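Atoms considered below: every heavy atom in the structure, side chains included; atoms not considered: hydrogens, waters and symmetry mates. If you're wondering where the values come from, they're calculated on a predicted model, not measured in any experiment.
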Protein chains: 2
Amino acid sequence: MADRYANFANSGLGRTVVKRLGLPDPPRLRRHRPGDPLVDGPVLLGAAPGGRLSEPVRKQLGDAGVEVALSPTEGTRHGALIFDATGIGDSGQLRALFDFFHPYARSVKVSGRVIVLGTPPEATPGPKEATAQRSLEGLTRSIGKEFGRGVTSQLVYVAPGGEAALDSTLRFLLSGRSAYVSGQVVRIGAGTPPAPADWQRPLDGKLALVTGAARGIGAAIATTLARDGADVIALDVPAAGDALADVANSCSGRALQLDLTAPDAPARLAGYLAALPHAGADIVVHNAGITRDKTIARMSEDRWDSVIGVNLTAPERVNDVLLERDLIHTGGRIIGVASIAGIAGNRGQTNYATSKAGVIGMVQSSAPLLEPRGITINAVAPGFIETAMTAKMPVGLREAGRRLNSMSQGGLPIDVAETIAWFASPGSQMITGNVVRVCGQSLLGA
Amino acid sequence: MADRYANFANSGLGRTVVKRLGLPDPPRLRRHRPGDPLVDGPVLLGAAPGGRLSEPVRKQLGDAGVEVALSPTEGTRHGALIFDATGIGDSGQLRALFDFFHPYARSVKVSGRVIVLGTPPEATPGPKEATAQRSLEGLTRSIGKEFGRGVTSQLVYVAPGGEAALDSTLRFLLSGRSAYVSGQVVRIGAGTPPAPADWQRPLDGKLALVTGAARGIGAAIATTLARDGADVIALDVPAAGDALADVANSCSGRALQLDLTAPDAPARLAGYLAALPHAGADIVVHNAGITRDKTIARMSEDRWDSVIGVNLTAPERVNDVLLERDLIHTGGRIIGVASIAGIAGNRGQTNYATSKAGVIGMVQSSAPLLEPRGITINAVAPGFIETAMTAKMPVGLREAGRRLNSMSQGGLPIDVAETIAWFASPGSQMITGNVVRVCGQSLLGA
């Protein structure tokens, strides 16, 4: 599953060849290592007049030990540019974006960060401000495609009253944890989340259930949540028992063998969780998923039924039983795994895309209902991730998937896992109903 | 602006070469010609049990003179497959989609149509049905990519109470008018729209204002609205006067020379419209738009300001003045022109993408406010359209833009104009707040 081309392009000879021939130039992405500073260099913070977020951001970054520059010095290379656009009340005032990004665009370091903060259009007092705030998305998505060199660019909409809820999101987006997340729109609601006692182990004392945990992305999720302090229950089908035991051991967790598509499985899972010391779970990650690709003309009933059953119906049934029996604690998290195919559709994947679009529907329709219970529900939507599955793709398709994104490379399972860990963080209590792609800003979309 | 490759691929020799070498195979798309039947062959209509739309659809298609088959005969080639999915109440019932599309996928003719009808997820009674209805999008987008041969595939969400409002949309989506529209999601609200006296001239008696009408897409919009019966005011800057006069003459309309970015222009336009016999307009199409591409680091202030000013602020100011002075009639239409770049972002187009994302914001935020006045607001978002502008693109970029979509070719200005004419139709009174791409289901998206 190695990306040999990226390794070559980052070698001494490779750099020369890539530059001379104008070939795709996948940078080595900065990824999180414990002990690293949050962001690689000073953060330049700007604001349109009248914004409400630059003060809270300055404070939250200061608490996180990040060096914040308000007036830049000539020649400084920045780890990130953050712009508070909440003061922009109409399209004429969009000029403040140009005034900030034009002079400092070139000051962003490799694997640097661009974050624009806005007000959700639906939470503005009228159409002039809504229009201007909505237009921010055109800017951040263009910057993501323009800056290159591993720089990510995001738009974060913060609801009025959500000013104190930015911390977990800034720490995620500025750090190497979000290496393969770019061109995304994140929505933060009103309220003040609890701050973790220890930002290195924000999930201390939490119990996390991860389905499909024996391999690939699921294994990365289990170990990442454990790294962040969670007790992990790694669940997979009995046939994956040995690999599952290895994962459970590696994160000092429990292994649970269960085929979630069996009629009695959700009830059995509920019984298992009810019998635990704290009776229930804090974090449920519905990662288990399968593909059975064929055009719909050639597809068997079984391929349709099994993909819908595993990817969509099983998570719905598990949620139903756990919520009915009160087995997801207050402050709990439900996290689904959608897919770019669920957003854009894909040839040969009518069954898979239908199931993954359904996961998005599950998140969006359940979020408002779960809010009164203090439970959030969100999903990641992975793009091309380097796994044993993608390693088996025909070389042409594989290379297209790897290169047709702003990072010119595939993501790693850890990139998906880090995004899930951000949703899982107590600091993300005000984030619900979001679907965030982990795709390096893939060109593919809807 | 000719697509020489597509012409070649459709020639006798070309067909052989394209097949032997496995090259992109752009079909000749069926486009509307007056007098043609609405759809090229019988329509197969299916439904999941309990659906509420197949009866209204059967009746509306019957009135339109379309042959509808409920139980198909072996070997029949269909002009369209329509499936009423409103009866699907949970993910387990999605199987009805497979049961309908699996056996008949191959029966769809070249340039045929696939339409799935659903209930807007936000209008369902609960998350199970919302999830299943949201998942339909994964199916229709996949079918668009899978079927090829000029077949388009759409999802139409019909709000409860909107059963009688489907007519204009079915006629548009089934006909050659929607040749380059695929992979889209359309939302129809509750209510019963007026039926045009003559479906060949649905805009009889309506006055339409089209900005940027001297050339390309704007000229096509003016002539298409005139073909459908509207009196047209073709507006453009004074420098385009001669071309503008030609367009106005060709559609027996009026030419109005005005630079809409001038401070007094909206008021002057309002004065002009107020002095007309019926004092005001029925249809306002904000087509005028410019590009001034540069990366933001190399961009001048002027390039930023002029693009935002022409593409976004001018339409906002015109709307404000016309609405304030009651110069858009009840049953009126405001139609914006966004862009794929406003959805996905684009390198070198931070200014353009910001302005076009703003157009989407203008539509979404204004729609609920205009509904009580009986005015709808929608936008088209063109992809790669063959114009003098795209003819000047570097060949590599141009070929990528042309081929990276489900039609393997660029669209024509008429394709954008037909989509606008559909929004403008009296029958589309229940359609507002929609952004519909005219992009042949381009791979590019967000």
Heavy-atom pair of closest approach, residues A/Arg134 and B/Gln364 =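 In terms of heavy atoms, the two residues are closest at NE-OE1, 3.6 Å.
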Under a 4.5 Å heavy-atom cutoff, which of [options] has the most pairs with chain A?
| options | result |
| --- | --- |
| B/Thr124, B/Leu139, B/Val359 | B/Leu139 |
| B/Asp305, B/Ile143, B/Ile340 | B/Asp305 |
| B/Lys128, B/Arg437, B/Gln349 | B/Lys128 |
| B/Asp320, B/Val185, B/Val363 | B/Asp320 |

If you count heavy-atom pairs under 4.5 Å between each of [options] and chain B, which one has the most?
| options | value |
| --- | --- |
| A/Ala341, A/Gly138, A/Ser142 | A/Ser142 |
| A/Gly361, A/Ser135, A/Pro103 | A/Ser135 |
| A/Ala446, A/Gly309, A/Ser366 | A/Ala446 |
| A/Ala344, A/Pro121, A/Cys439, A/Gly342 | A/Ala344 |
| A/Gln441, A/Gln184, A/Arg141, A/Lys356 | A/Arg141 |
| A/Ala130, A/Ala297, A/Gly183, A/Ala105 | A/Ala297 |

Got [X] and [Y] here, is their nearest side-chain heavy-atom distance under 4.5 Å?
| X | Y | result |
| --- | --- | --- |
| B/Arg106 | A/Arg298 | yes |
| A/Arg95 | B/Glu301 | yes |
| A/Ile296 | B/Phe147 | yes |
| A/Leu94 | B/Thr354 | yes |

Point-to-point distance, once rounded to the nearest 0.5 Å, from [atom1] of [X] to [atom2] of [Y]:
| X | Y | atom1 | atom2 | answer |
| --- | --- | --- | --- | --- |
| B/Thr350 | A/Phe98 | OG1 | CZ | 8.5 Å |
| A/Ser442 | B/Leu444 | OG | CG | 9.5 Å |
| A/Arg347 | B/Ser406 | CZ | OG | 10.5 Å |
| B/Trp304 | A/Asp99 | CH2 | CG | 9.5 Å |
| A/Thr131 | B/Glu316 | OG1 | CD | 5.0 Å |

Take atom NZ of A/Lys109 as the centre, draw a 6.0 Å sphere, and report whether it contains more than 12 heavy atoms from other residues, nucleotides or ligands.
->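 Counting neighbours around NZ of A/Lys109, more than 12 heavy atoms of other residues, nucleotides or ligands fall under 6.0 Å, so yes.
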Please state whether the side chain, the backbone, both or neither of [X] comes within less than 4.5 Å of a heavy atom of chain B.
| X | answer |
| --- | --- |
| A/Leu369 | side chain |
| A/Ala357 | both |
| A/Ser153 | neither |
| A/Glu129 | neither |
| A/Glu122 | neither |
| A/Ala132 | neither |
| A/Asn351 | neither |

What part of [X] is in contact with chain A, defined as an atom under 4.5 angstrom from a non-hydrogen atom: side chain, backbone, both or neither?
| X | result |
| --- | --- |
| B/Ile308 | side chain |
| B/Ala353 | both |
| B/Asp90 | neither |

Hey, does the side chain of B/Glu146 reach the backbone of A/Gly348 with a donor-acceptor pair shorter than 3.5 angstrom?
->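 Yes.
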Between B/His102 (side chain) and A/Ser300 (backbone), is there a donor-acceptor pair under 3.5 Å?
->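 It does not hold such a pair.
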Run the side-chain hydrogen bond (donor to acceptor under 3.5 Å, both in side chains) check on A/Ser91 and B/Thr313 step by step: do they pass?
-> CA-CA 6 Å; A/Ser91 62; B/Thr313 310; 2.8 Å; yes
